[in-house]
Amino acid sequence: MPELPEVETVVRDLRPLLVGRTIGAVRVGRHKLRSPWKPAWTPRVAGRRIDAIDRRGKWILVRLAGDATLVLHLGMTGQLTVHPEPEPLADHTHLRFPLDDGRELRFRDVRRFGSATLFASPGALAEHLNARLGPEPFALEPEYWFAALRGTTRCVKAVLLDQTVLAGVGNIYADESLFRAGVHPGRRANTMTRTQAESLRCAVEVVLRRAIDGRGSTIRDYIGGSGLKGGFQEEFAVYGRTGQPCPACRTPIAVARHAGRSSHHCPRCQK
DNA sequence: CTGTAATCCTGCGAGC
DNA sequence: TGCTCGCAGGATTACA
């Protein structure tokens, strides 16, 4: 599922297809996503031009003419793609936004952990995002990051996954970043040295950049906004590689449980 | 404050 | 082949 690199890929794919187009209507499927589409939102979307498509953390922001923003989250299995309007609907398509060029934006989500919400004003949108998201990984201040780690006894993996500390990292890229930095996922955050904190901050940046270059990772369901799968799964060092040799020392990759998630790591390289 | 578990869902692979 | 079990990119809530 979509973490920052996958969401960034979707946004980059959709931007040229959607910006400048006008949404003609909203078609809602029988099953609700995480929360139901409110009928009151439809007139605020239908007839509106799309001014911009942005990403914040794992959230997709479709900025509409006027003050409203359509906010989408892909959850675990969400797909957001553009199709010719007559094209048959795939199973689990829950929302459709026909456009003025004969195509249609479709939100498909097998597990329905995704969400689609409308925020009527920039203030309401900011309130929602600010309550949930810390800084973007590419704008992470070293001092802020070090202080965030030193200020808690939680394990480092839990801090990486905490969207209010750092926005956009999920289970795959947390594990890959920790391996790259040589830090064990169960390491207590408040025992990290300044050097290790900086090493981890850089590792997160490098891993995310490379994953974006690879158009994200497809484990099973993920596809970009143009329908293409990702390629970064071919470059995983540890994620999903339990029992296979560590790329650095050949020790079998182990899996442990941290913050309720599987943590793939090398027991020899990561301290 | 932490950690853990359950919740929302469907699908798939492993094991019997 | 067919069944059950556990697990999966996430976020939120309840509870110890």
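Only this structure's heavy atoms are used, side chains among them; waters, hydrogens and symmetry mates stay out. All chains are named by letter (A, B, ...) in the order of the sequence lines, taking the proteins before the strands, and each is independently numbered beginning at 1.
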Does anything in residues 145-167 of chain A come within less than 4.0 Å of DNA chain C? Heavy atoms only, and list the residues if so.
Gln163(A)
Which one, dG10(C), dG3(B), dG11(B), comes nearest to the side chain of Arg188(A)?
dG3(B)
Any idea which of dG10(C), dG11(B), dT12(C) is nearest the Arg132(A) side chain?
dT12(C)
Is the aromatic ring of Phe113(A) within stacking range of dA11(C), meaning centres under 5.5 angstrom and planes under 30 degrees?
no
Atom pair distance, as rounded to whole Å: CZ in Arg261(A) and P in dC7(C)
13 Å
Are Val110(A) and Ile223(A) co-members of a hydrophobic cluster defined by side-chain heavy atoms under 4.5 Å apart?
no
Across the strands shown, which category fits Phe232(A) at heavy-atom distances under 4.0 angstrom: base, sugar-phosphate, nothing?
nothing
Return whichever of Arg34(A) or Arg220(A) has its heavy-atom-nearest nucleotide of DNA chain B closer to the 5' end.
Arg34(A)
Please give the distance between the C1' atoms of dC9(B) and dG2(C) as a whole number of Å.
23 Å
Looking for any heavy atom pair under 4.0 Å, which part of the strands does Gly260(A) touch: base, sugar-phosphate only, or nothing?
nothing
Classify the side chain of Arg111(A) versus the base of dC9(B) as yes if they form a donor-acceptor pair under 3.5 Å and no if they do not.
yes
From CD of Glu3(A) across to P of dA8(C) the rounded distance in Å is 13 Å
Can you find a pair of side-chain heavy atoms, one from Pro135(A) and one from Tyr144(A), that are under 4.5 Å apart?
yes
Going by distance alone, is a donor N or O of one side chain under 3.5 Å from an acceptor N or O of the other, for Gln163(A) and Arg132(A)?
no
If only side-chain N and O atoms count, and only distance matters, is there a donor-acceptor pair under 3.5 Å linking Thr22(A) with Arg48(A)?
no
Nucleotide pairing, DNA chain C (Watson-Crick or G-U, distances under 3.5 Å), in dot-bracket with [ ] and |
.|||||||.|||||||
Here the gap from Phe113(A) atom CZ to Arg34(A) atom CZ, rounded to the nearest 0.5 Å, amounts to 7.5 Å
Report the distance from atom CG of Leu72(A) to atom C1' of dA11(C), rounded to the nearest whole Å.
16 Å
Given the P atoms of dC3(C) and dC8(B), what is the spacing between them in whole Å?
25 Å
When rounded to whole Å, the CG to C1' distance for the pair Leu74(A) and dA11(C) reads 13 Å
How long is the line joining NZ of Lys58(A) and P of dG10(C), in whole Å?
4 Å
Arg241(A) CZ to dA8(C) P: how many Å, rounded?
17 Å
Measure the OH-CD1 distance between Tyr222(A) and Ile172(A) for me, rounded to the nearest 0.5 Å.
11.0 Å
Between His92(A) and dG11(B), does any side-chain N or O lie under 4.0 Å from OP1 or OP2?
yes
Do Trp41(A) and Thr117(A) pair up side chain to side chain, a donor and an acceptor below 3.5 Å, judged on atom types alone?
no
Whole-Å distance between dC9(B) C1' and Asp91(A) CG?
15 Å
Using the closest heavy atom to pick a nucleotide of DNA chain C for each, name whichever of Ser262(A) or His128(A) lands nearer the 5' end.
Ser262(A)
Could you state the atom-to-atom distance from CG of Asp109(A) to C1' of dC9(B) in whole Å?
9 Å
What distance do Arg103(A) atom CZ and Glu87(A) atom CD have between them, rounded to the nearest 0.5 Å?
11.5 Å
Base, sugar-phosphate or nothing for His31(A)? Non-hydrogen atoms, less than 4.0 Å.
nothing
How many angstroms lie between atom CZ of Phe138(A) and atom CG of Leu208(A), to the nearest 0.5 angstrom?
5.0 Å
Touch class at under 4.0 angstrom, heavy-atom based, for Asp221(A) against every strand present:
base
With the threshold set at 4.0 Å, does a side-chain nitrogen-carboxylate oxygen contact exist between Asp221(A) and Arg111(A)?
no
For the rings on His264(A) and Tyr239(A), is their centre-to-centre separation under 6.0 Å?
yes
